[in-house]
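First the structure, in the form of structure tokens, and then the observations on it.
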Amino acid sequence: MCAKILVVEDEPAINELIASTLELADFQVVQAFDIQGAYLAVVEQLPDLILLDWMMPHGESGIDFVRRLKKTPNTDEIPIIMLTAKGEEDNKVYGLDAGVDDYITKPFSTRELVSRINAVLRRLGGGDKKGVLQVANLTINTVSQRVMAGDDEIVMSSTEYRLLCFFVGHAERAYTRTQILDAVWGSNVYIDERTVDVHIRRLRKLLMPFGADRLIQTVRGTGYRFSDKC
């Protein structure tokens with residue numbers, strides 16, 4: 001599963017419970033415990049979806065954070081599910097009007113949480129459907145972790161596989177090498193940005209016999225973009 005979920009919850013026990021649940025459901029999880037940490041995580045990790053608590057410490061609420069994200073071009077399309085104890089209808093409307101995509105009132109079941117995430121990702125075109133990602137002539141089975149070009153399997157390392165999944169899941173967006181490093185290798189891994197170039201060259205070489213190397217495009221002054229448009 002390639003979808004990366006940012007969990008923004010100031011209660012450590014709840015944050016850890018949600019993170020464990022999502023990891024068991026094969027999501028990648030990034031955790032933040034306040035709005036400042038959440039904003040840094042969005043910039044560095046580029047999540048596919050945000051689970052956001054309404055009430056947060058240090059003055060800025062979850063709704064304030066939503067408004068900030070929706071005003072920023074690179075983050076305005078990230079789907080957001082609000083987690084809150086506020087169950088009144090007017091609060092739900094308030095959150096939805098601010099740009100929230102769905103709303104879960106505490107307490108909630110872990111099954112409901114995973115189902116809501118999958119529903120939002122399907123509705124907005126994120127994540128994979130039935131374990132399959134497709135672009136151009138490539139098919140990625142995220143259950144078996146096989147990459148196919150027609151009837152031919154493209155054998156690659158786990159790093160190239162994660163890199164390809166990241167690109168397919170974030171098509172038509174330009175990313176810096178630092179952003180790609182953080183998303184594929186993790187923000188706590190200290191390696192040179194040139195590592196990205198090395199692995200992209202390897203991935204392009206693997207895709208070249210099938211004409212799919214053109215999908216990974218160099219963006220001068222920025223980094224790379226994945227697109228089936230010339």
Side-chain angles (χ1 to χ4, degrees), residues 1-43 45-57 60-133 142 165-166 168-173 183:
M1 183 70 180
C2 294
K4 179 182 295 184
I5 312 300
L6 170 61
V7 179
V8 186
E9 165 63 63
D10 64 315
E11 291 290 339
I14 298 176
N15 197 315
E16 291 295 337
L17 175 62
I18 293 172
S20 298
T21 298
L22 298 184
E23 286 171 350
L24 287 173
D26 293 328
F27 290 105
Q28 286 184 291
V29 180
V30 180
Q31 295 171 268
F33 299 89
D34 55 34
I35 295 300
Q36 182 180 2
Y39 188 74
L40 289 174
V42 167
V43 172
Q45 298 286 341
L46 301 167
D48 297 295
L49 182 143
I50 300 173
L51 288 176
L52 176 64
D53 189 32
W54 180 298
M55 300 299 293
M56 297 297 294
E60 190 173 11
S61 69
I63 289 297
D64 294 329
F65 184 51
V66 171
R67 291 199 180 99
R68 193 200 306 189
L69 294 179
K70 296 303 177 182
K71 291 179 181 178
T72 305
N74 290 334
T75 62
D76 61 341
E77 295 184 357
I78 299 176
I80 300 170
I81 297 178
M82 185 69 76
L83 304 175
T84 179
K86 294 179 180 290
E88 296 81 0
E89 183 178 355
D90 58 342
N91 285 322
K92 291 184 179 181
V93 172
Y94 188 53
L96 293 170
D97 286 346
V100 172
D101 296 278
D102 201 356
Y103 200 108
I104 303 179
T105 303
K106 299 175 183 176
F108 51 84
S109 72
T110 55
R111 289 180 62 188
E112 178 190 8
L113 179 62
V114 172
S115 294
R116 291 287 189 95
I117 290 172
N118 285 326
V120 170
L121 289 173
R122 284 196 302 269
R123 187 168 71 243
L124 300 177
D128 61 353
K129 298 181 180 181
K130 297 182 180 179
V132 176
L133 298 171
T142 61
C165 274
F166 169 76
V168 172
H170 299 82
E172 301 299 335
R173 297 183 184 181

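Because only heavy atoms are used, hydrogens play no part in the values below, and waters and symmetry mates are left out as well, while side chains stay in.
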TODO: Find the distance between CG (Leu121) and CD1 (Ile81) and round it off to the nearest 0.5 Å.
DONE: 7.5 Å
Task: Nearest heavy atoms of Glu16 and Phe33, plus distance in Å - done: OE2-CZ, 4.4 Å
Task: Minimum heavy-atom distance between Val8 and Ile50, given as atom pair plus value - done: CG2-CG2, 4.0 Å
Task: CD/Gln36: more than 12 non-hydrogen atoms of other groups inside 6.0 Å - done: no
- [ ] Specify the closest pair of heavy atoms between Pro79 and Asp101, including all atoms of both residues, with the distance to one decimal.
- [x] CA-OD2, 3.0 Å
Task: Intermediate values then yes/no, side chain to side chain contact (heavy atoms under 4.5 Å, CB included), Leu69 and Ile78 - done: CA-CA 8 Å; Leu69 294 179; Ile78 299 176; 5.7 Å; no
TODO: To the nearest 0.5 Å, tell me how far Asp10 CG sits from Asn15 CG.
DONE: 9.0 Å
Task: Non-hydrogen atoms of Leu6 and Ala38 that approach each other most closely - done: CD2-O, 3.8 Å
Open item on the list: Checking Val114 now: which residues fulfil side-chain contact (heavy atoms from CB on, under 4.5 Å) with it, not counting sequence neighbours?
Closed with: Thr21, Leu22, Ala25, Phe27, Asn118
Task: CD1 on Ile14 to CG on Leu51, rounded to 0.5 Å - done: 12.5 Å
TODO: Apply side chain to side chain contact (heavy atoms under 4.5 Å, CB included) to the pair Gln28 and Asp48, showing each step before the final yes or no.
DONE: CA-CA 10 Å; Gln28 286 184 291; Asp48 297 295; 5.8 Å; no
- [ ] Look up atom CG in Leu49 and atom NZ in Lys4, then write down how far apart they are to the nearest 0.5 Å.
- [x] 13.0 Å
- [ ] Considering non-hydrogen atoms only, spot the tightest contact between Tyr103 and Arg116 and give its length.
- [x] O-NH1, 2.9 Å
TODO: Give, for atom CG of Asp34 and atom CZ of Phe65, the distance between the pair rounded to the nearest 0.5 Å.
DONE: 10.0 Å
Open item on the list: Distance check, rounded to the nearest 0.5 Å: Ile18 atom CD1 versus Ile117 atom CD1?
Closed with: 8.5 Å
- [ ] Heavy atoms only: give me the nearest Asp53-Met55 pair and the separation to one decimal.
- [x] OD2-O, 2.8 Å
Task: Heavy-atom side-chain contact between Arg68 and Ile35 under 4.5 Å - done: yes
TODO: Salt-bridge test for Glu11 and Lys106: reply yes if a basic N is under 4.0 Å from a carboxylate O, no otherwise.
DONE: no
Task: From Leu52, Leu113, Thr105, residue fulfilling side chain to side chain contact (heavy atoms under 4.5 Å, CB included) relative to Leu83 - done: Leu113
